[in-house]
Amino acid sequence: MSPPALSGDIAFFLDLDGTLLEHEAHPQAVSISAGLLRLLDDLRAASGGALALISGRAIADIDRLFAPLTLPAAGQHGMELRLASGALRRHAPATELLRRATSAVELVAAAHPGLLFEDKGISMALHYRHAPQMQHTLARAMRNITASLGDEFVLQEGKFVFELKPSGRDKGTAIVEFIREAPFAGRLPVFVGDDLTDEHGFEAVNALGGHSVKVGPGESHARWRLADTAAVLAWLEEYAIGATRT
């Protein structure tokens, strides 16, 4: 079911790849249009600054993509947060354990052509979009690596990607942290995402009585549904235009 038109005091939490941006074969291949930058700036103004980008990407990568905009953001699935005040919170594991995890995933990537290893600093990703036949083999290898690290890391599966990240933080915990802080506090939270990694965010927003919106097909805890990125942008544009007129 399509989400309702938005009005009133909204706190926006927006996923990037597959939600605001189309998926690309390589994470660095995406580009940001002037229209998207303008829309985000309009939404930030309309929401009194209560707009945060919630992504598996590192905050440094988010800033590179969306320059010159610098927005509140949760990077690496909540491992790092930049609040509206500019304060940065990082949730990193012990250095030696992080080094072990990174080396293990890198070795798997090196052993199989067509895989892309992405070191995000606190977490790491193994992309297999160019080798989809490797899914089950990689799942087994990544589960073994995760088990060898004890309770400090968890494995997160997404669209053609396995991500190994420290436990205890996700997109849901990031949203909860934001909603406790100005200018997000007291507003109706809205989270839009498309992937398995966004389900924690949907559950958190549902518990807060907000609007959770899933982009594309597939089972989900989200209460609402939008077909694709174009539909997301049109829905957000509708709110931005309405806020400008009032």
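Start at 1 with the first residue, then count along the sequence.
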Pair Glu199-Ser220, side-chain donor/acceptor within less than 3.5 Å | yes
Let me check something: do Leu155 and Leu126 share a hydrophobic cluster, defined by ILVMFWY side-chain heavy atoms less than 4.5 Å apart, either directly or through other members? yes
* Side-chain donor or acceptor of Tyr239 paired with backbone N/O of Gly8 under 3.5 Å -> yes
- prompt: Taking atom CD of Glu219 as the centre, does the number of heavy atoms from other residues, nucleotides or ligands within less than 6.0 Å exceed 12?
  reply: no
Task: Joint cluster assignment, Phe66 & Val232, ILVMFWY side-chain distance < 4.5 Å - done: yes
Note: Leu98 and Gly121 closest approach over all heavy atoms is CD2-O, 3.2 Å
Report task. Indicate yes or no: at least one non-hydrogen side-chain atom of Leu51 is less than 4.5 angstrom from one of Phe13. Result -> no
Using a 4.5 Å cut-off on heavy atoms from C-beta on, say whether the side chain of Thr102 contacts that of Asp119. yes
Exactly one of Lys171, Lys214, His221 clears side chain to side chain donor-acceptor pair (under 3.5 Å) with Asp198, and that residue is Lys171
- prompt: Does Arg169 reach the side chain of His77, with side-chain heavy atoms less than 4.5 Å apart?
  reply: no
Heavy-atom nearest pair, Tyr128 first then Gly158, reads OH-O, 4.5 Å
Report task. Please tell me if the side chains of Leu138 and Leu115 come closer than 4.5 Å, counting only heavy atoms from C-beta onward. Result -> yes
Report yes if some heavy atom in the side chain of Pro3 is under 4.5 Å from a heavy atom in the side chain of Leu226; otherwise report no.
-> yes
Side chains of residues 184-192: which donor-acceptor pairs under 3.5 Å do they make with residues two or more places apart or in other chains?
residue: Arg187; atom: NE; partner: Ser47; partner atom: O; Å: 3.4
residue: Arg187; atom: NE; partner: Pro183; partner atom: O; Å: 3.4
residue: Arg187; atom: NH1; partner: Ile10; partner atom: O; Å: 3.2
residue: Arg187; atom: NH1; partner: Ser47; partner atom: O; Å: 3.2
residue: Arg187; atom: NH2; partner: Ser47; partner atom: O; Å: 3.1

Cluster check Met1, Val215: I/L/V/M/F/W/Y, side chain < 4.5 angstrom
yes
For Ala125, the side chain to side chain contact (heavy atoms under 4.5 Å, CB included) test, sequence neighbours excluded, returns Glu118, Lys120, His127, Val161, Glu163
Under the side-chain contact (heavy atoms from CB on, under 4.5 Å) criterion, do Leu21 and Thr229 qualify, and how do the steps go? CA-CA 7 Å; Leu21 309 171; Thr229 297; over 6 Å; no
Report task. Decide, yes or no, whether a salt bridge links Asp17 with Arg57 under the criterion of side-chain N to carboxylate O below 4.0 Å. Result -> yes
All heavy atoms of Ala240 vs all of Leu43, minimum pair found to be CB-CD2, 4.0 Å
Open item on the list: Any heavy-atom pair between the side chains of Ile175 and Val205 that's under 4.5 Å?
Closed with: yes
Atom pairs and distances, donor-acceptor, side-chain atoms in residues 142-151, under 3.5 Å, two or more places apart:
residue: Asn144; atom: ND2; partner: Arg140; partner atom: O; Å: 3.3
residue: Thr146; atom: OG1; partner: Met142; partner atom: O; Å: 2.7
residue: Ser148; atom: OG; partner: Ile145; partner atom: O; Å: 2.6

Please say yes or no: joined through hydrophobic side-chain contacts below 4.5 Å, possibly via intermediate residues, are Leu208 and Leu14 part of one cluster?
no
Is there a donor-acceptor pair under 3.5 Å between the side chain of Asp41 and the backbone N or O of Leu37? no
On a heavy-atom basis, the closest approach of Met124 and Phe153 is CE-CE2, 4.5 Å
- Task: Keeping the roles fixed (side chain from Trp235, backbone from Pro4), state whether a donor-acceptor pair exists under 3.5 Å.
- Result: yes
Of all heavy-atom pairs linking Trp224 and Ser2, the shortest is CE3-O, 3.2 Å
Keeping the roles fixed (side chain from Arg82, backbone from Leu71), state whether a donor-acceptor pair exists under 3.5 Å.
yes
message = Measuring only between side-chain heavy atoms, which start at C-beta, is Ser167 closer than 4.5 Å to Val154?
response = yes
Check your understanding: So do the side chains of Ile59 and Gln76 get within less than 4.5 Å of each other, counting heavy atoms only?
Key -> no
Within the side chain of Glu80, is there an N or O that forms a donor-acceptor pair under 3.5 Å with the backbone of Arg90?
no
Can you hop from Ile54 to Leu36 via hydrophobic side chains spaced under 4.5 Å?
no
Between Thr197 and Gln156, does any side-chain donor sit less than 3.5 Å from a side-chain acceptor? no
Heavy-atom closest pair (Thr19 atom, Gly193 atom, distance to 0.1 Å) is OG1-CA, 3.4 Å
* Just by modelled atom types, is the Asn206 backbone N or O under 3.5 Å from a matching donor or acceptor in the Arg223 side chain? -> yes
Using the rule given for side-chain contact (heavy atoms from CB on, under 4.5 Å), can you reason through Phe117 versus Val108, listing the C-alpha separation, both sets of side-chain angles and the distance that settles it, and then say yes or no?
CA-CA 9 Å; Phe117 171 73; Val108 174; over 6 Å; no
